[in-house]
Trainee: 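Input: one structure, supplied below.
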Amino acid sequence: MKAHKQTIDITMQNDLVIYNTLSRKKEKFEPINAPHVGLYVCGPTVYGDAHLGHARPAITFDLLFRYLRHLDYKVRYVRNITDVGHLENDADEGEDKIAKKARLDQLEPMEVVQHFADRYHENMDDLNVLKPSIEPRASGHIIEQQQMIDSIFDKGYAYESDGSIYFDVEKYNQSHKYGKLSGRIFEDCQANTRELAGQSEKRNPADFALWKKAKPEHIMRWPSKWSDGFPGWHLECSAMSTKYLGEQFDIHGGGMDLLFPHHESEICQSTIANGKESVKYWMHNNMITINGQKMGKSLGNFINLEEFFQGKHELLEKAYSPMTVRFFILQAHYRSTVDFSNEALQASEKGMQRLLTAVNNLSKIKASDESTVKVAELEAKCYNAINDDLNSPVLISHLFDGVKMINNLIENKEKITSADLDLLKKLYTNFVNEILGLKDEEQSAGNDNKLTEVVDLMLNMRIEAKANKDWAMADKIRDELQKLGFVIKDKKDGFEWELK
RNA sequence: GGUCAGUUGGCCGAGCGGUUAGGCUCCGGUCUGCAAAACCGGCUACGGCGGUUCGAAUCCGCCACUGACCUCCA
C-alpha cells in the first residue's frame with residue numbers, strides 16, 4: 001500500500017506543468033536542485049489593511065506551496081514585507097507610502113509597519129494561508145541592498161546623480177536586451193514613460209532608482225557612501241531572494257500588475273549583479289475585478305478582507321467567511337481575472353458547504369466486498385487537474401463529481417470496498433484539506449451553552465407536539481424560531497439547527 | 001496612443017479541433033403531517049461576419065465591445 005502511494009507521488013511529481021511568463025508557455029516543472037525548491041513571492045507593502053486583491057496572490061501561491069509540499073519537495077518559501085522604498089505612484093519621485101501614512105497618523109513609520117503587518121498576518125491566518133518559511137523585511141536588508149548596488153556599479157550598469165544611484169537601462173538593453181519578461185521594447189519605454197519634473201537627474205526616463213538621496217524632510221533614511229537615503233523599491237526583492245534562495249532559484253511569483261516595471265527591473269538587477277539569470281519560472285496571478293473593473297484606490301471600490309468577513313461594506317449584501325473567499329478565488333484559474341459579485345460569492349458559499357458536508361459524511365460510508373465506483377480514476381483526474389498549471393477549478397469540478405459518489409454510497413446506491421474507501425478518504429483529506437486548504441468553519445458558531453439548551457428544549461417540545469399530531473403547535477415553534485433567524489433542519493431521528 | 005489579455009447558457013466559471021466541465025439559480029422527483037433542509041435527476045451556451053477542415057467555442061482574417069499594463073493598486 002505504502003509502496004503504491006510512493007509510485008503515484010513520484011509519477012505525479014514528474015507531471016507538474018506550470019505556465020512560465022518568461023516563455024509564455026506551459027513548461028514541465030523541474031527544480032534546479034531537487035528535492036529542494038526555492039519560491040519567492042512579492043508580499044504586501046504594509047501601509048494599509050489587506051483587501052481582496054491581496055488575497056489572490058496569497059492564496060494562489062499558498063496553493064502552489066501546499067502542492068509542492070504534498071509532492072514531498074523541500075520548499076523554502078520566501079515572501080517579503082515591504083516596509084521602505086515603495087514610493088507613491090511607484091515612481092522614482094514621490095513620498096514613501098509608509099512614511100506618508102506615518103506622517104498622517106503621527107506615528108513612527110515602524111509603528112505603521114508593525115500594525116499593518118500584524119493585521120495582514122491575522123487575515124492570512126483566517127484565510128488558512130500557511131506562513132512562508134522566511135518573511136524578510138526590506139528595512140532589515142539595507143546592507144545587502146547596498147552591496148548589490150556596489151556590485152551593479154562596479155560592473156558599470158549604474159551611475160550616480162546628485163547622491164542617488166540609477167540603473168542604466170540603455171546600457172543593459174545593448175548588452176542583454178531589456179524587456180524579455182514584459183515583452184516591452186526599450187525604445188517604446190522611452191517614448192511612453194512620463195517625464196516628471198525632477199526626473200532630470202536620470203540619463204534616461206526608463207532608468208530606475210537603486211538608491212535615493214533623502215530629502216531633508218524624509219524620515220526613513222540610512223547612511224551610505226553615496227548619501228543619506230533609502231533603497232529603491234525594486235532592489236529589495238532582488239537582494240532578499242538572492243540572500244535566501246541563492247543566485248539562481250526556481251519560482252518567482254506575484255501579481256500581474258508587478259510584471260512591469262517591478263519584475264522586469266528585478267531581472268536587470270539580478271542579471272548584472274549575479275552575472276546570470278536568477279529565476280527559472282516566473283508565475284503571475286491575474287487581478288480581481290469588481291463589477292468588471294479592477295479594484296483601485298482611485299475608484300474607491302476596494303473592499304478590505306476584514307469588511308468581507310464582517311459584511312461591513314456597502315457593496316456587500318452579507319458577511320462572507322474567510323473560507324468562502326478562499327473557495328471563491330480557487331474556483332477560478334489563477335491566470336484568469338475573477339469578477340466579484342454577491343451572487344457569485346453566495347454560489348461559492350453554498351457549493352463549498354455541500355463539498356465540506358460530503359467530506360464529513362465520508363465516515364458514514366460502510367464498506368462492501370465490491371466496488372461499483374471508480375476511485376482510482378477519480379484520483380487520477382484530480383492529480384491531472386492540479387498538475388496542469390494548478391487548475392483548481394477543474395480539480396474542484398472533479399471533487400464535486402466525487403460528492404455525488406459519496407452521497408450515493410451513503411444511500412447504498414453504490415458499493416465500495418474497504419481499500420477503495422480508504423483511498424477515497426485519503427483523496428479528500430489530501431485535496432480538500434491539505435492542498436486546497438479548506439476547512440470546516442461551522443463548529444464555532446452559536447456555541448452559547450444556555451442558548452443551545454433553550455433551542456434544543458423548544459425543538460424537543462416540537463417533537464412531542466408532532467408525536468401528538470399537534471401540527472399547529474409544531475408549526476408555531478418552527479415558524480417563530482425561523483423568524484428569530486434560526487434555520488431548522490428536520491432529520492429522521494431528531495433535528496439540527498443553526499443560527500444565521 | 002503603445003503593448004497584452006479577454007468576450008462561453010439566468011449568474012459565476014472551465015475548456016484551447018471531435019467527448020456531459022463544475023458550482024449557484026431554475027424545473028421535476030425522493031424524503032416529510034405540510035414545509036424547510038438534504039439527496040437524486042433535468043436544463044447543450046460559446047460577441048458578429050467570413051475562411052481553413054470530414055468536423056471549430058476551440059485554428060486564421062476582419063469588425064465590434066470589455067479589461068489590464070505603460071500612472072495609484074496585489
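Just so we're on the same page: letters track the sequence lines, and every chain starts at 1.
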Trainee: Determine yes or no for a side-chain-to-main-chain donor-acceptor pair under 3.5 angstrom, with A:Asn123 supplying the side chain and A:Leu305 the backbone.
Mentor: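 Checked: no pair found.
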
Trainee: Taking only the side-chain heavy atoms of A:Arg184 (C-beta and beyond), determine which of B:C70, B:A74, B:G13 contains the nearest atom.
Mentor: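 Selected nucleotide (nearest to the side chain): B:C70.
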
Trainee: Just how far, in rounded Å, is C1' of B:C40 from CD of A:Glu414?
Mentor: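 One finds 12 Å between C1' of B:C40 and CD of A:Glu414, rounded.
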
Trainee: Between B:C39 atom P and A:Asn360 atom CG, what is the distance in whole Å?
Mentor: 13 Å

Trainee: Would you say A:Trp471 stacks on B:G33, if stacking means ring centres under 5.5 Å apart and planes within less than 30 degrees?
Mentor: yes

Trainee: Separation of A:Arg462 atom CZ from B:A35 atom P, in whole Å?
Mentor: 13 Å

Trainee: Nearest to the side chain of A:Ala347, which nucleotide is it out of B:G13, B:C24, B:A74?
Mentor: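 Within the option list, the nearest is B:C24.
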
Trainee: Given the P atoms of B:U44 and B:G9, what is the spacing between them in whole Å?
Mentor: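 Roughly 14 Å separates the two P atoms.
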
Trainee: Determine which nucleotide pairs with B:A21, using a 3.5 Å limit on both distances of a Watson-Crick or G-U wobble pair.
Mentor: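 Partner of B:A21: none.
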
Trainee: Between atom NE2 in A:His398 and atom C1' in B:G15, what is the gap in whole Å?
Mentor: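 After rounding, the reported distance stands at 11 Å.
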
Trainee: Would you measure the distance from the C1' atom in B:G51 across to the matching atom in B:G55 and give it in whole Å?
Mentor: 15 Å

Trainee: Between B:A35 atom C1' and A:Leu481 atom CG, what is the distance in whole Å?
Mentor: 15 Å

Trainee: Taking atom P in both B:A5 and B:C62, what distance in whole Å separates the two?
Mentor: 15 Å

Trainee: Which part of the nucleic acid, if any, lies within contact of A:Lys404, taking any heavy atom under 4.0 Å across all strands shown: a base, the sugar-phosphate backbone alone, or nothing?
Mentor: sugar-phosphate

Trainee: Which atom pair, heavy atoms only, marks the closest approach of A:Leu181 to A:His263?
Mentor: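 Looking at all heavy atoms of both residues, the closest pair is CD2-CB, 3.5 Å.
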
Trainee: Which nucleotide in the list B:C70, B:A74, B:A37 gets nearest to the side chain of A:Phe260?
Mentor: B:C70

Trainee: Can you tell me the pairing partner of B:A37 across any strand shown, Watson-Crick or G-U wobble, with both distances under 3.5 angstrom?
Mentor: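 Result: none.
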
Trainee: May I ask you to say whether A:Glu349 pairs ionically with A:Lys318, meaning some side-chain N is under 4.0 Å from a carboxylate O?
Mentor: yes

Trainee: Between B:C39, B:A74, B:G33, spot the one nearest the side chain of A:Asn407, thanks.
Mentor: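 Nucleotide nearest to A:Asn407's side chain: B:C39.
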
Trainee: Looking at the side chain of A:Lys413, which of B:A74, B:G15, B:C40 is the nearest nucleotide?
Mentor: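 From the listed options, B:C40 comes nearest.
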
Trainee: Could you tell me how far B:G6 sits from B:A36 if I compare only their C1' atoms? Round to whole Å.
Mentor: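 Approximately 42 Å lies between the C1' atom of B:A36 and that of B:G6.
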
Trainee: Reckon A:Ser336 has a side-chain N or O less than 4.0 Å from the OP1 or OP2 of B:A14?
Mentor: yes

Trainee: Scan A:Gly255 against the nucleic acid and name what it touches under 4.0 Å (heavy atoms): base, sugar-phosphate only, or nothing.
Mentor: sugar-phosphate

Trainee: Here's one to test your reading of the geometry: is the NZ or CZ of A:Arg79 within 45 degrees of the ring axis of A:Phe61 and under 6.0 Å from its centre?
Mentor: no

Trainee: Just one of A:Arg335, A:Lys26, A:Lys28 clears the salt bridge (charged side-chain N to carboxylate O under 4.0 Å, His left out) bar with A:Asp389, so which one?
Mentor: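 The single option meeting the salt bridge (charged side-chain N to carboxylate O under 4.0 Å, His left out) with A:Asp389 is A:Arg335.
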
Trainee: Look at the side chain of A:Glu343 and decide which nucleotide, out of B:C70, B:G22, B:C11, has an atom nearest to it.
Mentor: B:C11

Trainee: What I want to find out is whether A:Glu122 reaches A:Arg119 closely enough, with some N-O distance under 4.0 Å, to be called a salt bridge.
Mentor: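 Looking at A:Arg119 together with A:Glu122, the answer is no, because their closest N to O distance does not fall below 4.0 Å.
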
Trainee: Report the distance from atom CZ of A:Phe495 to atom C1' of B:A38, rounded to the nearest whole Å.
Mentor: 17 Å

Trainee: Can you tell me the pairing partner of B:C43 across any strand shown, Watson-Crick or G-U wobble, with both distances under 3.5 angstrom?
Mentor: none

Trainee: Please name the nucleotide paired to B:U66 by Watson-Crick or G-U wobble geometry with both distances under 3.5 Å, or report none.
Mentor: B:A5

Trainee: Taking for each residue the nucleotide of RNA chain B with the nearest heavy atom, is it A:Glu411 or A:His333 whose nucleotide lies nearer the 5' end?
Mentor: A:His333

Trainee: Donor-acceptor check, side chain of A:Asp420 to backbone of A:Val375, threshold 3.5 angstrom: yes or no?
Mentor: no

Trainee: Please classify the nucleic acid contact of A:Ile288 as base, sugar-phosphate, or nothing, using heavy-atom distances under 4.0 Å.
Mentor: base

Trainee: Let me spell it out: for each of A:Thr45 and A:Lys350, pick the nucleotide of RNA chain B with the closest heavy atom. Which residue's pick is nearer the 5' end?
Mentor: A:Lys350

Trainee: Between B:G23 and A:Arg354, is there an OP1 or OP2 to side-chain N/O distance shorter than 4.0 Å?
Mentor: yes

Trainee: Could you measure between the two P atoms, the one in B:A45 and the one in B:U3, and give it in whole Å?
Mentor: 37 Å

Trainee: With a non-hydrogen cut-off below 4.0 angstrom, is A:Thr289 in contact with a base, only sugar-phosphate, or nothing?
Mentor: nothing

Trainee: A:Arg335 side chain N/O closer than 4.0 Å to the phosphate oxygens (OP1, OP2) of B:G6?
Mentor: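 Checking A:Arg335 against B:G6: no side-chain N or O falls below 4.0 Å of OP1 or OP2.
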
Trainee: Give a yes/no on whether any side-chain N or O of A:Asn408 is located under 4.0 angstrom from OP1 or OP2 of B:C39.
Mentor: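 No, A:Asn408 has no side-chain N/O under 4.0 Å of OP1/OP2 on B:C39.
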
Trainee: Using atom P of each nucleotide, how far apart are B:G50 and B:C12 to the nearest Å?
Mentor: 28 Å

Trainee: If pairing requires Watson-Crick or G-U wobble contacts with both distances under 3.5 Å, which nucleotide is the partner of B:G61?
Mentor: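 Looking at the geometry, B:G61 pairs with B:C49.
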
Trainee: With respect to the phosphate group of B:G15, does any side-chain polar atom (N or O) of A:Asn391 fall under 4.0 Å of OP1 or OP2?
Mentor: yes

Trainee: Between A:Asp62 and A:Arg66 (salt bridge meaning N to carboxylate O under 4.0 Å), is one present in this structure?
Mentor: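 Looking at A:Asp62 and A:Arg66, the cut-off is met.
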
Trainee: Say you pick atom C1' in B:G2 and the same atom in B:C60; how far apart are they, in whole Å?
Mentor: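 Rounded to whole Å, the distance is 25 Å.
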
Trainee: Take atom P in B:G1 and the same atom in B:G15, then report the distance between them in whole Å.
Mentor: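 The answer is 32 Å between these two P atoms.
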
Trainee: Whole angstroms only, please: what is the CD-P distance between A:Gln331 and B:G15?
Mentor: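 Result: 14 Å.
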
Trainee: Between the base of B:A35 and the side chain of A:Asp490, is one N or O donor paired with an acceptor at under 3.5 angstrom?
Mentor: yes

Trainee: Roughly, in whole Å, what's the span from CG in A:Asp470 to P in B:C34?
Mentor: 17 Å

